[in-house]
Amino acid sequence: MSNLGPCISAILACSLRNPDSSRYHDFKSALKCVSALVDLSLMAQYRSHTPARLSYMESYLQTFYRTKDIFLEFRTSKATRTRADRQDRDLRELMADQHAKEVHHRTVANRRRQANQERVERSDQQADLIRCENHFNFIKMHYLTHFASHVRRFGSITMYSTEIGELAYMDQVKDGYRRSNKNDAAQQILSQYGRQHALGMRVQSIEALLKVKGVIVAEHSGMEMRAFSSQSTPRRILKGRMKNTSRLTELCATLNIHYADMMQERLRFTRQTAADYQQVPADSTELGLLPVEGFAQLEILVADFQETDRFQIHRAHCTGTRAFRNGGPRNDLVWVQTGGEANYGDLRGRVVARLLALVKIRNILSEAAAVHRLALGCILDHVNSGRFDIGSGHIRVSTRVNGRDMRIVSIGAVIRETQIIPSGERQWIVNHRLDLRTFNEIY
Amino acid sequence: MHEPAEAADIAEHFQRLGVKIGNNLFIGLDRVSPADLHKPDLLHNIYLGLFKHMMEWEEGFLKKHKRQQSFDDTWKEIPPYH
């Protein structure tokens with residue numbers, strides 16, 4: 001269920017697209033209600049809060065309470081359902097009694113008409129009862145009102161999560177039992193966990209010692225990497241070298257891209273970044289002769305939200321036109337920083353791009369033989385210049401109309417992975433509730 | 001100011017500070033310690049509680065407006081992430 005939260009509002013927005021005019025308001029408030037609840041749950045996961053954030057939290061709650069009535073008719077409890085059924089049965093019996101008393105003969109059509117009338121009356125009465133009885137008056141609903149005050153009084157909500165305790169049951173008890181010989185297991189579980197714990201502590205203190213010396217240990221990977229000199233630009237690694245690409249021409253051929261287009265874009269990129277780079281030949285024939293290496297994966301080290309020394313690795317796959325693990329080709333979607341913070345409305349200078357190729361180009365013509373690590377992406381344009389859609393509360397992107405959507409960027413400009421959900425012809429909804437960081441930045 | 005150790009000292013200490021000790025509702029209850037009362041828990045309140053309810057309402061809503069199929073289709077079309 002915790003994985004459902006981030007996706008649900010965007011998916012709902014997709015499935016409720018293009019409403020007709022009579023349903024427009026219903027759809028809008030249903031979306032608003034769901035989004036408010038998801039926003040609240042995301043904000044509840046923050047590790048630290050400011051008064052402004054708490055007031056946001058309260059405003060989400062207000063929105064949720066204001067719009068939740070759209071779902072009222074679907075909140076029928078079992079008791080209400082039983083009572084409605086009983087009422088329906090009583091009414092049917094009453095009507096049958098009346099029929100029995102009426103002795104005069106009627107035509108078939110007359111009887112059918114009356115039966116229809118009675119059915120309508122019965123279903124109306126049932127709907128009335130359900131409407132009166134439905135309510136949102138249950139304890140979990142009320143609980144939400146205490147979230148903000150709880151943060152003020154006791155601190156962040158994640159501290160009191162029982163998730164950790166419930167997970168601990170797995171490795172403290174269940175794993176221990178599995179490893180035991182099932183005979184007098186309690187003792188074995190205890191000593192097993194004691195041993196694991198002691199080793200874990202030892203590993204952690206070694207990690208802490210290493211960190212002092214400037215080595216970051218990435219989470220879940222078990223591999224160590226030298227700390228990047230500047231903390232602000234997280235490290236990126238190209239992985240999975242592909243065979244059969246040694247020149248730009250070959251790369252274009254495998255990707256079905258026109259060589260001239262690629263050259264044009266490559267030259268544009270060179271001109272733009274000429275100051276930063278060693279001399280790159282501006283001549284297209286010379287450029288085409290430079291050795292190229294293609295890669296299938298870009299690892300991006302992304303710091304956890306509100307953390308400085310814990311990282312997650314985003315693995316953006318890009319297999320070009322080749323199959324990824326017996327499936328179709330995989331060209332992941334990433335955020336690319338292209339302009340300043342002021343551009344593209346709420347996205348702050350970021351665009352969504354589909355990775356087409358990851359390459360390393362060695363400039364053998366210059367003396368320094370500098371290596372350029374580049375990402376070739378297909379840029380998706382923002383609909384409504386990157387502002388939130390008023391109806392659905394999401395940002396939409398679409399493919400470029402003029403088709404000139406290829407862009408070369410340095411891999412340093414690739415920020416992290418993103419998720420977009422198809423919504424109609426050549427349009428996608430950006431899921432900005434994907435994780436806390438995206439949620440916090442795109443707003 | 002030294003730390004008050006005894007219960008009587010605490011009352012005296014607060015009196016000196018001009019703070020009145022009041023009892024909230026829970027203090028009077030038998031076998032209840034206000035400090036150990038339940039705190040909001042994300043897992044049980046939101047993930048397993050409200051999201052579950054919300055899905056039920058949504059299903060009803062989608063059924064009413066005949067959008068169930070497109071909802072399911074959208075789930076299937078989500079591109080891979082991570």
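If you're wondering where the values come from, they're calculated on a predicted model, not measured in any experiment. Chain A is the first sequence line, chain B the second, and so forth, proteins listed ahead of strands; every chain is numbered from 1.
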Query - Minimal non-hydrogen separation, B:Arg67 against A:Asn18, with atom names - result: NH2-O, 3.4 Å

Query - Any residue meeting side chain to side chain donor-acceptor pair (under 3.5 Å) with B:Asp73, in chain and number order, not counting sequence neighbours - result: B:Gln69

Query raised in the report: When heavy-atom pairs shorter than 4.5 Å are enumerated against chain B, which of A:Arg416, A:His146, A:Arg17, A:Met141 gives the highest number?
Result: A:Arg17

Query raised in the report: Can the ring centroids of A:Phe138 and B:His53 be said to lie less than 6.0 angstrom from one another?
Result: yes

Query raised in the report: CD1/A:Ile8 to CZ/B:Phe71 distance, rounded to the nearest 0.5 angstrom?
Result: 4.0 Å

Report task. Side chain from CB out, backbone as N, CA, C, O: work out which of these in A:Phe136 comes under 4.5 Å of a heavy atom of chain B, or both, or neither. Result -> side chain

**Report entry** Salt-bridge present (B:Lys64, A:Glu73; N to O < 4.0 Å)
**Finding:** yes

Query raised in the report: Taking the six-membered ring for Trp, is the centroid-to-centroid distance between B:Trp57 and A:Phe74 below 6.0 Å?
Result: no

Query raised in the report: How far apart are the closest heavy atoms of A:Pro422 and B:Thr74, and which atoms are they?
Result: O-CG2, 4.3 Å

Show me, pair by pair, the donor-acceptor contacts under 3.5 angstrom made by side chains of residues 34-42 of chain A, not counting sequence neighbours?
| unit_1 | atom_1 | unit_2 | atom_2 | d |
| --- | --- | --- | --- | --- |
| A:Ser35 | OG | A:Leu31 | O | 2.7 |
| A:Asp39 | OD1 | A:Arg433 | NE | 2.5 |
| A:Asp39 | OD1 | A:Arg433 | NH2 | 3.4 |
| A:Asp39 | OD2 | A:Arg433 | NH2 | 3.3 |
| A:Ser41 | OG | A:Val38 | O | 2.8 |

Query raised in the report: Checking side chain to side chain donor-acceptor pair (under 3.5 Å) against B:His44, which of A:Glu166, A:Glu163, A:Lys140 comes through?
Result: A:Glu166

Query - Chi angles and distances behind the side chain to side chain contact (heavy atoms under 4.5 Å, CB included) call for A:Leu144, B:Leu50 - result: CA-CA 10 Å; A:Leu144 294 179; B:Leu50 274 173; 3.3 Å; yes

